[in-house]
Amino acid sequence: MTDFTATRALFDLPGGIVYLDGNSLGPLPRAAAARVAQAVTQEWGEMLITGWNKAGWMAQPARLGDRIGALIGAPEGTVVLGDTLSIKVYQALAAALALRPERRVILSDTGNFPTDLYMAEGLARLMAQGHVVKTAPPEDVADHIDDTVAVLMLTEVDYRTGRRHDLPALTAQAHDAGALAVWDLAHSAGALPVDVTGGAADFAVGCTYKFLNGGPGAPAFIYVAPKHADVADPALQGWLGHAAPFAFDSDYRAGRGIERMRVGTPPVIQMAALETALDVWDGVDMAALRARSVELSELFIAEVAARCPDLALASPRDPAQRGSQVSFRFEQGYAAMQALIARGVIGDFRAPDIMRFGITPLYTSEADILRAAEVLGDVLDGRLWDDPAYLVRAAVT
Ligand SMILES: *Cc1c(COP(=O)(O)O)cnc(C)c1O
């Protein structure tokens with residue numbers, strides 16, 4: 001069994017705060033500051049350029065990729081880190097489309113995160129071969145999988161509502177129709193058990209700064225199923241994805257397997273922080289994490305229902321249909337979230353009316369959940385959100 005009191009002690013959480021926004025930005029692992037300082041002073045500072053070899057910087061994207069692979073059911077050598085998630089969505093989608101050259105439809109859902117849809121539309125336009133991005137309501141997407149679909153591109157867990165798609169079932173349906181499946185695991189990796197191998201995903205991508213706690217600006221990851229790894233066109237032909245980067249060939253030759261999905265120079269200092277975040281996951285049993293997440297989420301939903309009759313649950317009521325967040329609809333949600341944050345309970349807001357709370361067992365206790373529900377009850381009961389100061393929208397909500 002995983003000891004969640006022990007994992008909590010591995011984070012540096014400010015006192016007096018209940019942090020329910022780890023679905024957006026995970027907190028600081030205690031070991032990160034010293035490790036980053038070491039990377040800066042002893043590696044960059046003293047080794048200078050020799051750090052690429054001596055400190056193993058060049059191998060980091062694949063080495064840490066394997067550690068993420070262990071959390072998403074990917075075998076060694078099938079995950080690599082780099083760039084941002086938007087870029088990795090583009091790359092995975094382009095590679096998948098190239099494997100279905102006779103088809104023109106990219107199928108997604110209306111709940112997908114905007115950047116995923118933007119990247120798909122931009123890619124379709126650039127390809128100029130008549131590709132179209134079709135979106136269906138999330139609950140109906142299965143009905144739109146047919147033999148025109150080249151790629152089914154979905155985010156497993158909806159960033160607004162926490163609704164969870166059935167990854168293995170939809171992937172199987174896509175395969176039956178002759179399509180490929182690209183999964184975005186932004187709200188899945190580190191949030192719940194994921195099995196890209198068992199679920200037969202063709203490509204998967206995700207970020208490391210949300211539930212994985214890699215810090216703001218931490219690199220994204222990409223998984224390519226072994227059967228595609230040596231045939232997938234990496235689309236972004238960067239020098240570090242070349243078969244022999246230091247041959248400085250003027251012609252591109254894709255590297256072996258997942259290495260070809262690398263693009264350019266990795267963010268070394270950011271990776272040092274991510275490494276400490278991944279250390280926290282050593283020994284965490286994902287089934288235990290999931291059970292604890294469901295337990296805390298159910299407690300939060302019950303407490304909020306009892307205290308806040310004005311809030312409508314926006315997340316599925318059935319835990320099996322949810323990721324690891326709980327969302328409520330409230331017209332004054334932005335102001336209410338500001339009032340909550342002013343009282344030490346941090347969640348976030350997503351337009352037009354969603355109050356989001358990430359449930360992260362690694363560092364969130366039952367006492368935190370009870371406290372958050374109590375403060376939320378006070379904010380709503382006392383109309384504490386009705387304050388002009390809470391209506392001013394910040395750049396990041
Ligand atoms: C958070 C998130 C992103 C963010 O992409 P970045 O390039 O890292 O800014 C993209 N897609 C989904 C589904 C997300 O949840």
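All ligand and atom numbering here is 1-based and tracks the order in the structure.
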I'd like to know whether M271 forms a side chain to side chain contact (heavy atoms under 4.5 Å, CB included) with L64, so could you lay out the CA-CA distance, the side-chain angles of the two residues, the decisive distance to 0.1 Å, and finally the verdict.
CA-CA 8 Å; M271 294 246 196; L64 298 191; 4.0 Å; yes
Nearest-neighbour protein heavy atom for [atom], which is reported as residue plus atom name and distance:
atom                    : answer
atom 3 (C) of ligand 1  : L85 CD2, 3.5 Å
atom 11 (N) of ligand 1 : D116 OD1, 2.7 Å
atom 4 (C) of ligand 1  : Y209 OH, 3.2 Å

Distance filter under 4.0 Å to [X] heavy atoms, resulting ligand 1 atoms:
X    : value
A186 : 12 (C), 13 (C), 14 (C), 15 (O)
T155 : 13 (C)
H187 : 15 (O)
D184 : 11 (N), 12 (C), 13 (C)

With F349, the ring pair (Phe, Tyr, Trp, His ring centres under 6.0 Å) member among F330, F328, Y334
Y334
Answer yes or no: does an N/O atom from K210 fall short of 3.5 Å to an N/O atom of ligand 1?
yes
Any nitrogen or oxygen of Y159, side chain or backbone, less than 3.5 Å from one on ligand 1?
no
Is R292 reaching over with its side chain to a backbone N or O of T2, donor-acceptor style, under 3.5 angstrom?
no
For the pair E121 and R125, find out whether any cationic side-chain nitrogen is under 4.0 Å from an anionic carboxylate oxygen.
no
Applying the 4.5 Å side-chain criterion to the ILVMFWY set and letting contacts propagate, would F211 and F113 be lumped into a single cluster?
no
Proximity of T115 to ligand 1 by residue part, where a heavy atom lies under 4.0 Å:
side chain
Ligand 1 versus S86: contacting region, heavy-atom distance under 4.0 Å:
both
Is K227 positioned over the aromatic face of F203, cation under 6.0 angstrom from the ring centre and no more than 45 degrees off axis?
no
Is the closest side-chain heavy-atom distance between L154 and V141 below 4.5 Å?
yes
Answer yes or no: does atom OH of Y252 have more than 12 heavy-atom neighbours from other residues, nucleotides or ligands under 6.0 Å?
yes
